[in-house]
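Have a look at the structure below before the remarks.
In each ligand, atom 1 is the first atom listed, and ligand 1 is the first ligand listed. Owing to the predicted nature of the structure, the values given are computational and were not obtained by experimental measurement.
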Amino acid sequence: MINFKVRLCKWAGLHSNKEATPAFLSLRGNVETGCSVQTRRDPILYRMMMIYLLIAVVCVSVHPVQALDNGLALTPTMGWLHWERFMCNIDCNMDPQNCIREELYMQMADVMVKEGWLEAGYEYVCIDDCWPHHQRDAQGRLQADPKRFPSGIKKLADYVHSRGLKLGIYADVGSMTCGGYPGSLGYYETDAKTFAEWGVDLLKFDGCYMNWTMLGEGYKNMSRALNQTGRSIVYSCEWPLYEWPFHEPNYTAIRETCNHWRNFADVYDSWSSVKTILDWTATNQKILTPAAGPGGWNDPDMLVIGNFGLSHSQQQSQMALWAIMAAPLLMSNDLRDICPKSKELLQNRRIIGISQDPLGKQGYRTGTVDSFEMWERPLSGARLALAILNRQEIGGPRGFPLTLATLPSWQYCNPRCNVTQILPTYQELGVQALFSKQILKINPSGTALLTVTQIQDYSGKGY
Ligand code: GLA
């Protein structure tokens with residue numbers, strides 16, 4: 001039998017909607033009101049903890065299946081990818097600054113080194129669709145559009161490498177890319193060889209114009225072809241995204257084949273897009289989280305931080321939740337012109353530390369209470385990352401009463417944990433007992449991001 005110390009007092013009205021507050025949360029009282037403290041076994045709290053424990057066991061203890069054995073992406077890939085911000089803008093007469101041409105990647109590479117992006121971990125400069133010429137060359141090889149990439153991709157790769165960065169490129173498993181450029185179907189070996197000769201370090205392989213029943217074969221064949229080149233090339237797939245409309249994808253095979261894989265629709269520069277991605281991921285987390293681990297990651301698509309569509313709180317939410325989801329951090333924005341606050345957020349070492357945690361476990365949503373969503377990611381070093389997202393999009397900042405005892409992984413913090421708040425602002429909350437309470441102020445559609453660290457006893461074990 002487990003005994004819990006609980007505060008027995010009247011609900012102190014931290015939330016406007018008292019009815020929406022589940023029983024286990026209403027066990028907490030307001031310290032100011034002076035609550036009596038008793039020791040007893042509470043059946044509701046006990047049941048909630050057991051349910052949480054079960055969720056945690058299912059989500060955490062399943063060993064990830066075999067990853068693609070190329071030694072790459074041991075932590076989620078970090079870099080920059082042109083698509084969301086620059087799309088298929090090929091009009092270099094009208095819009096020379098923003099069109100898809102070699103200067104765009106050279107300028108981005110320069111800024112990435114000069115402005116601390118590489119130092120923060122953003123390593124890959126990635127080309128997306130609309131780079132190739134509409135015809136293959138006489139030997140059947142892909143070639144870059146000669147007007148927009150007059151120096152060719154190899155020269156561009158040399159340029160990017162000379163700055164200590166890596167180059168990513170885009171192709172498609174089917175007969176055409178989504179933008180209508182030549183696809184790789186029938187040319188997997190040729191294209192893999194061409195990319196390796198050019199010095200490419202990452203391939204984003206899209207799934208347009210392909211019969212869905214052939215997706216698996218196509219993605220596996222390209223994986224083999226890349227491997228045979230002998231060059232280290234991160235393999236970014238969209239295989240499951242194109243299979244989901246027909247059946248549940250085989251994530252064991254996907255993880256053996258790809259370093260990361262898109263599951264869901266393209267991200268747009270809007271909060272509704274980010275929310276849809278989060279909801280889809282949480283709904284399918286039982287399938288997705290066990291597939292993630294060093295060498296292979298679920299890819300919820302690009303970070304759109306620093307663009308036009310997200311408020312700063314929403315940008316913080318995207319950054320926090322992408323770190324919790326162990327997602328590749330591929331920014332799609334204009335690094336040549338980004339506001340200092342977005343830059344600071346994207347370069348936040350504490351958040352990047354969560355994203356790149358060597359344990360490599362993907363986090364998951366643990367529950368929703370009073371329009372607050374709670375997410376958790378197990379970290380190395382007896383730590384957990386917690387994200388609390390305020391899904392209420394009306395009114396002002398709301399207080400979330402954080403009590404370690406109500407966490408799914410509460411046993412981690414029995415009797416105490418050290419708590420660090422990272423977002424919305426950094427502060428050390430210090431040592432917190434299991435039933436102590438901290439009110440976290442969270443803006444509408446904003447997120448509080450924290451780490452909790454188990455306090456070890458003198459024998460080196462948790463209490
Ligand atoms: C698909 C992909 C996007 C982007 C475009 C390019 O929609 O999902 O990420 O690569 O194609 O055409």
Within 4.0 Å of some non-hydrogen atom of Cys178, the atoms of ligand 1 are 1 (C), 11 (O), 12 (O)

Would Arg262 count as being in polar contact with ligand 1, using the rule that some N or O on each side must be under 3.5 angstrom apart? yes

Do the ring centers of Trp212 and Trp239 come within less than 6.0 Å of each other? no

Any Lys/Arg nitrogen of Arg391 or Asp279 sitting under 4.0 Å from an Asp/Glu carboxylate oxygen of the other? yes

Listed by chain and number, what are the salt bridge (charged side-chain N to carboxylate O under 4.0 Å, His left out) partners of Glu119, not counting sequence neighbours? none

What protein heavy atom sits nearest atom 5 (C) of ligand 1, and how far off is it? Trp83 CE2, 3.6 Å

Minimum-distance protein heavy atom relative to atom 12 (O) of ligand 1: Asp129 OD2, 2.7 Å

Filter on ring-ring contact (aromatic ring centres under 6.0 Å, His included), then keep only pairs touching residues 296-317, sequence neighbours left out; what's left? none

Option among Asn418, Thr420, Leu384 that satisfies the side chain to side chain contact (heavy atoms under 4.5 Å, CB included) test with Val452: Leu384

Run the numbers for me: atoms of ligand 1, each under 4.0 Å from some heavy atom of Gly179, listed by number. 12 (O)

Would you indicate which of Met87, Met176, Lys204 comes nearest to atom 9 (O) of ligand 1 when only heavy atoms are counted? Lys204

Does Asp128 have a heavy atom less than 4.0 Å from any atom of ligand 1? yes

Protein heavy-atom partner closest to atom 7 (O) of ligand 1 - residue, atom, separation in Å: Asp266 OD2, 2.7 Å

If you count the non-hydrogen atoms of other residues, nucleotides and ligands that lie under 6.0 Å from CD in Gln356, is the total more than 12? yes

Counting neighbours of CD on Glu428 that are heavy atoms of other residues, nucleotides or ligands and sit closer than 6.0 Å, is the number greater than 12? yes

Check each atom of ligand 1 against the heavy atoms of Glu238 and keep those under 4.0 Å away; list them by number with element. 2 (C), 8 (O), 9 (O)

Nearest to atom 11 (O) of ligand 1 by heavy atom, Asp206, Val267, Thr177: which? Asp206

